[in-house]
Every structure is written in C-alpha cells, then in structure tokens.
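A quick write-up on the structure given underneath.
Quick note: residue numbers are just sequence positions, from 1.
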Amino acid sequence: SLFNLFLDYMFFRFMKSIENNFDNPSVNTLLHYHFYQLRSNSPKGSTHVLDIEGLKVSSIKFWSIWEEEKLIGCGALKFLEKSHGEFKSIRIADEFRGKGYGIKLLNHLIIEAKKNGVNKISLETGAGIFFEPARKLFEKAGFKTCEPFAHYKIDPNSCYYSKEI
C-alpha cells in the first residue's frame with residue numbers, strides 16, 4: 001500500500017543507499033556469497049544469478065543499503081524495455097535476515113524503479129526449497145506468478161513473478 005511505501009521511504013531516510021559501490025569489501029563479499037549460494041543451490045542450466053561483472057553493465061543499476069557502517073543488503077534493477085525492469089541480486093546480509101529488511105529493500109528498489117520510469121517489475125527465482133523464503137517475500141510484496149519474460153524459458157527449476165508499480 002502507499003502507506004507502507006511511505007513508512008519504508010521514511011525508514012530508508014535513516015539508512016544509506018549507495019549506487020554501484022562494487023569495490024567496497026563488504027559489498028564484494030556479500031555478492032560473492034550470494035553468487036556461490038545461488039550457484040550451489042540451482043541445477044546447471046537453471047542458474048540466472050549475475051556475477052559482479054554482469055552487474056556492471058550499463059543496462060543495470062545496483063544499490064547497497066547500509067545502517068551506519070553495516071551492510072544490510074543489496075539489489076539491482078535491470079532495464080528490459082523502456083518501462084519494464086527486472087530485479088536482480090536481491091540479498092539481505094545474514095545478520096539482518098528474518099527481521100523485515102527484505103520487504104523494506106524491495107520497497108526501496110520499487111521506489112528507485114519508479115524514479116527511473118519503470119512501471120512493471122519482473123523477477124526470476126529458483127523453485128527449490130532453498131528459494132522458498134525469496135518466493136514468500138516476493139508474494140508478500142504483491143508480486144504475482146507470470147510466464148517467463150525477456151530471455152527466460154519455461155523451466156521447472158525457475159519461478160517467474162511480475163508486478164505493476
């Protein structure tokens with residue numbers, strides 16, 4: 001709801017959002033950990049996680065979110081078409097997991113997407129047990145299951161979601 005987006009906006013006024021700080025050691029470590037975990041929990045040919053070099057392309061904007069000097073998490077927006085984007089590399093640092101930061105990060109990314117002219121967000125995540133918390137988070141945020149989009153194909157190891165924003 002708009003009220004929840006407002007609350008998250010206010011929450012992030014006290015947080016720091018930094019764009020494209022891949023060289024920060026904490027960001028670098030979190031992204032490598034994210035890449036390793038997703039690769040090791042997805043069957044070959046069904047892994048769509050981007051490494052750091054993949055996140056540095058011009059069609060992607062990346063943010064890390066901080067509480068003072070502690071990295072809360074990160075996420076990226078990939079521009080698919082003029083008003084259609086895809087969220088990538090959404091990750092909350094382990095010490096912040098299970099505390100409501102995931103939905104706050106998603107709402108922050110939605111605000112950033114709107115600022116960049118995006119009105120439809122899609123995402124892909126795994127279908128396995130490891131990815132269940134991510135699927136619950138996306139559904140809680142109002143994402144609905146959809147057909148594969150962009151370059152994705154029907155894959156029993158993937159789940160696809162979309163939301164008008």
Under the criterion side-chain contact (heavy atoms from CB on, under 4.5 Å), which of E67, H108, R91 is the partner of I72?
-> E67
Same hydrophobic cluster for [X] and [Y], using side-chain heavy-atom links shorter than 4.5 Å among ILVMFWY?
| X | Y | result |
| --- | --- | --- |
| F87 | V49 | no |
| F138 | Y101 | yes |
| F143 | L105 | yes |
| I110 | I90 | yes |

Closest approach of [X] and [Y], non-hydrogen atoms and distance?
| X | Y | value |
| --- | --- | --- |
| A141 | I103 | CB-CD1, 3.5 Å |
| S89 | L31 | CB-CD2, 4.4 Å |
| L71 | I65 | CD1-O, 3.5 Å |
| I60 | A76 | CG2-CB, 3.8 Å |
| A113 | I165 | CB-CD1, 3.8 Å |
| S42 | T47 | CB-OG1, 3.1 Å |

Could you list all the salt bridge (charged side-chain N to carboxylate O under 4.0 Å, His left out) pairs where at least one residue sits in residues 73-87, not counting sequence neighbours?
-> E86-K88
Quick note, salt bridge (charged side-chain N to carboxylate O under 4.0 Å, His left out) partners involving residues 32-55, not counting sequence neighbours, are E53-K56
Mind checking what makes side-chain contact (heavy atoms from CB on, under 4.5 Å) contact with [X], not counting sequence neighbours?
| X | value |
| --- | --- |
| T145 | Y161 |
| K70 | E95, F96 |
| K61 | E19, W63, F79, N116 |
| S46 | P43, D155, N157 |

Indicate every side-chain donor-acceptor pair of residues 121-132 with a distance under 3.5 Å to a residue at least two apart or in another chain.
| residue | atom | partner | partner atom | Å |
| --- | --- | --- | --- | --- |
| S122 | OG | H84 | NE2 | 2.7 |
| S122 | OG | S162 | OG | 3.2 |
| E124 | OE2 | S158 | OG | 2.8 |
| E132 | OE2 | K136 | NZ | 3.4 |

Return each pair, listed once, that meets ring-ring contact (aromatic ring centres under 6.0 Å, His included) where at least one residue sits in residues 16-36; pairs must be two or more places apart or across chains.
->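 Listed by first then second residue: F22-F62.
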State the NE2-CG distance between H48 and L38, to the nearest 0.5 angstrom.
-> 10.5 Å
Atom CG of L50 and atom CD1 of I52: how far apart are they, to the nearest 0.5 Å?
->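 Result: 11.0 Å between the selected atoms.
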Side chains of S83 and V118: closer than 4.5 Å at any heavy-atom pair?
->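 No - every pair of side-chain heavy atoms lies 4.5 Å or more apart.
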Members other than L80 in its cluster, when Ile, Leu, Val, Met, Phe, Trp, Tyr link by side-chain heavy atoms under 4.5 Å?
-> F149, Y152, Y160
Residues that N41 engages under side chain to side chain donor-acceptor pair (under 3.5 Å), provided they are two or more places apart =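 Once residues adjacent in sequence are excluded, N41 has no partner under the side chain to side chain donor-acceptor pair (under 3.5 Å) criterion.
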Could you pull out all residues at least two apart from K115 that satisfy salt bridge (Lys or Arg N to Asp or Glu O under 4.0 Å)?
->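 Expected list: E112.
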What do the steps show when you test S64 against I18 for side-chain contact (heavy atoms from CB on, under 4.5 Å), and what is the final call?
-> CA-CA 5 Å; S64 60; I18 303 174; 3.8 Å; yes
Could you check C74 against V27 for side-chain contact (heavy atoms from CB on, under 4.5 Å), going step by step and ending with a plain yes or no?
-> CA-CA 8 Å; C74 62; V27 172; 5.6 Å; no
Is it true that a side-chain atom of S40 and a backbone atom of Q37 form a donor plus acceptor pair closer than 3.5 Å?
-> yes
